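In this text, all values refer to a predicted model and were calculated from it rather than measured experimentally.
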Amino acid sequence: MEQILEKQSENKQAHHEETPLEFIASICSVLVLGLFALTFIFQNFEIPSASMEKTLLIGDHVLVDRMTLAPPAKWAFFEHYRNIRRGDIIVFYKPVAEPNGDHIFLVKRVVGIPGDRIHLRNGTVYLNGQPQVEPLAAKPGEDGYFPYRDDFPAVPPSQAADVTAEWSVDLPSHIQGDDLVVPDGHYFAMGDNRPVSLDSRYWGFVPRENIVGRPLLVYWSFVTPEDQIDKTSMADRVGFIFHIVIHFFDQTRWNRTLHLVK
């Protein structure tokens with residue numbers, strides 16, 4: 001009897017051993033779920049410039065929520081969706097292509113939603129006639145006063161550098177009195193580091209369909225030179241990877257790990 005029970009136990013153990021095919025299937029299912037999450041729910045984004053300091057620093061790696069601000073989909077009825085609000089930080093495709101034809105991602109803060117009236121005076125944003133208190137927004141300081149940037153849209157774009165040709169033509173059609181009026185289906189976005197941010201003042205409104213999502217948290221932050229974005233050669237990229245490997249522990253901003261983006 002004992003021999004029969006031992007044999008049955010051995011048979012059960014043998015039956016529950018994972019075969020190579022089952023192991024491969026398990027790995028594939030994990031990869032598929034991970035790929036689905038990274039494709040439709042979350043996305044990695046690295047901050048390449050100082051336009052959002054001090055909210056986001058150069059070298060911050062953020063996890064972007066692609067669902068909450070996405071247009072609702074019938075198949076994903078279980079997901080939480082909401083409209084875009086003033087103050088939201090958004091990741092989006094830049095409305096105009098770069099000189100080389102690339103369509104790059106940007107991250108800015110929504111200042112105006114459809115129907116809002118906006119103008120700046122000495123760097124202060126006036127929204128629907130009221131001056132805004134923005135503790136996270138840097139104001140013009142040591143870099144001096146730039147009329148187009150700081151008194152937008154009172155100064156014609158022809159008197160400013162970095163304004164796109166498309167926006168120079170389109171801008172006057174959206175001005176009513178002293179204000180720029182945000183049209184339906186579009187948003188006015190600015191960087192928190194206002195003196196250095198090339199934002200909606202320079203290339204126009206963000207179409208709703210260009211918005212990819214919102215950054216949730218910083219999962220890793222590494223001290224990165226401001227000019228690293230301009231170093232595009234393979235040698236520069238490989239060199240910076242080696243730099244990260246060597247200085248991972250002493251140049252990682254550990255205090256920003258899992259920092260919530262607000």
Side-chain angles (χ1 to χ4, degrees), residues 37-73 76 79-98 102-118 120 125 127-128 132 134-138 152 162 164 166-167 170 174 180-219 221 229 256 258-262:
L38 292 175
T39 303
F40 297 103
I41 302 176
F42 300 111
Q43 181 173 343
N44 165 63
F45 184 80
E46 181 182 357
I47 304 301
S49 74
S51 69
M52 282 297 291
E53 287 188 349
K54 302 177 179 176
T55 305
L56 292 168
L57 307 180
I58 300 174
D60 279 354
H61 291 250
V62 299
L63 193 65
V64 176
D65 166 19
R66 295 180 57 123
M67 298 298 287
T68 301
L69 302 183
E79 283 294 337
H80 169 67
Y81 296 102
R82 68 167 175 81
N83 291 327
I84 296 166
R85 305 166 183 160
R86 300 185 196 94
D88 281 341
I89 299 176
I90 56 174
V91 176
F92 57 94
Y93 284 107
K94 187 177 179 181
V96 294
E98 296 296 280
D102 288 347
H103 290 270
I104 64 172
F105 284 116
L106 296 178
V107 55
K108 307 288 180 186
R109 189 181 296 275
V110 174
V111 174
I113 62 175
D116 280 345
R117 304 172 67 95
I118 296 168
L120 278 74
V125 173
L127 177 66
N128 299 322
Q132 301 300 292
E134 300 174 293
L136 296 176
F152 178 85
D162 298 318
T164 65
E166 296 89 343
W167 185 230
D170 192 38
H174 299 287
L180 181 78
V181 181
V182 183
D184 288 342
H186 293 75
Y187 298 86
F188 191 84
M190 300 177 71
D192 285 350
N193 194 1
R194 300 283 165 77
V196 305
S197 176
L198 296 180
D199 46 42
S200 284
R201 293 170 291 182
Y202 296 90
W203 37 251
F205 303 110
V206 180
R208 178 66 182 84
E209 59 269 20
N210 284 39
I211 297 174
V212 173
R214 63 189 183 106
L216 290 177
L217 56 84
V218 177
Y219 65 85
S221 183
I229 189 176
R256 292 188 67 76
L258 302 183
H259 169 75
L260 296 178
V261 179
K262 298 179 180 179

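Every residue meeting the side-chain hydrogen bond (donor to acceptor under 3.5 Å, both in side chains) condition with R117, not counting sequence neighbours, appears here in chain and number order: Q176, D179. Partners of S49 under the side-chain contact (heavy atoms from CB on, under 4.5 Å) rule, at least two apart in sequence or in another chain, are S51. Checked against side-chain contact (heavy atoms from CB on, under 4.5 Å), E53 has the following partners two or more places apart in sequence or in another chain: A50, L57, I58, N193. With sequence neighbours excluded, the residues forming a side-chain hydrogen bond (donor to acceptor under 3.5 Å, both in side chains) with Y219 are N44, listed by chain and number. Shown here are the ring pair (Phe, Tyr, Trp, His ring centres under 6.0 Å) partners of F45, two or more places apart in sequence or in another chain: there are none. Taking D199 as the reference, S197, R201 meet the side-chain hydrogen bond (donor to acceptor under 3.5 Å, both in side chains) condition, with sequence neighbours excluded. Q132 is linked by a side-chain contact (heavy atoms from CB on, under 4.5 Å) to V125, L127, Q130, E134, counting only residues two or more places apart in sequence or in another chain. The side-chain hydrogen bond (donor to acceptor under 3.5 Å, both in side chains) check on S200 picks up nothing, with sequence neighbours excluded. Remark: H259 pairs with V218, R256 by the side-chain contact (heavy atoms from CB on, under 4.5 Å) rule, at least two apart or across chains.
Side-chain contact between V62 and L216 is absent, with no heavy atoms from C-beta onward closer than 4.5 Å. Within the 4.5 Å cutoff, the side chain of I84 has heavy atoms near those of the R208 side chain. By the 4.5 Å heavy-atom criterion applied to side chains, R85 and V110 are not counted as neighbours. Side chains of D116 and R86 form a contact here, defined as non-hydrogen atoms less than 4.5 Å apart. Side-chain atoms of V212 and R66, non-hydrogen and from C-beta on, do get closer than 4.5 Å to each other. Between Y202 and T164, the closest side-chain pair of non-hydrogen atoms is not below 4.5 Å.
The backbone N or O of Y93 sits less than 3.5 Å from a side-chain atom of N210, completing a donor-acceptor pair.
Here the CD1 atom belonging to I229 is positioned 9.0 Å from the CD atom belonging to E46, to the nearest 0.5 angstrom. To the nearest 0.5 Å, atom CG of residue L180 and atom NE2 of residue H174 are 7.5 Å apart. With rounding to the nearest 0.5 angstrom, the CG atom of L106 is 10.0 Å from the CD1 atom of I47. The distance from the CG atom of L63 to the CZ atom of R214 is 11.0 Å, given to the nearest 0.5 Å.
Annotation for H103 and A97: closest pair CE1-CB, 3.7 Å, computed over non-hydrogen atoms. Among all heavy-atom pairs drawn from P215 and V91, the shortest one is CD-CG2, 3.9 Å. When all heavy atoms of V107 and M52 are compared, the closest pair comes out as O-CG, 3.5 Å. The minimum heavy-atom distance between D88 and L69, with the atom names listed, is OD2-CD2, 4.3 Å. When all heavy atoms of A138 and R194 are compared, the pair lying nearest together is O-CB, 3.2 Å.
Sparse packing is recorded around CG of N83, with 12 or fewer heavy atoms of other residues, nucleotides or ligands lying under 6.0 Å away.
Relative orientation of the F205 and W167 rings is perpendicular, given thresholds of 30° and 60° on the angle between their planes.
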Contacts table for residues 184-192: side-chain donor-acceptor under 3.5 angstrom, sequence neighbours left out:
{"residue": "H186", "atom": "ND1", "partner": "D184", "partner atom": "O", "Å": "2.8"}
{"residue": "D192", "atom": "OD1", "partner": "R109", "partner atom": "NE", "Å": "2.9"}
{"residue": "D192", "atom": "OD2", "partner": "T55", "partner atom": "OG1", "Å": "2.5"}
{"residue": "D192", "atom": "OD2", "partner": "R109", "partner atom": "NE", "Å": "3.4"}
{"residue": "D192", "atom": "OD2", "partner": "R109", "partner atom": "NH2", "Å": "2.9"}

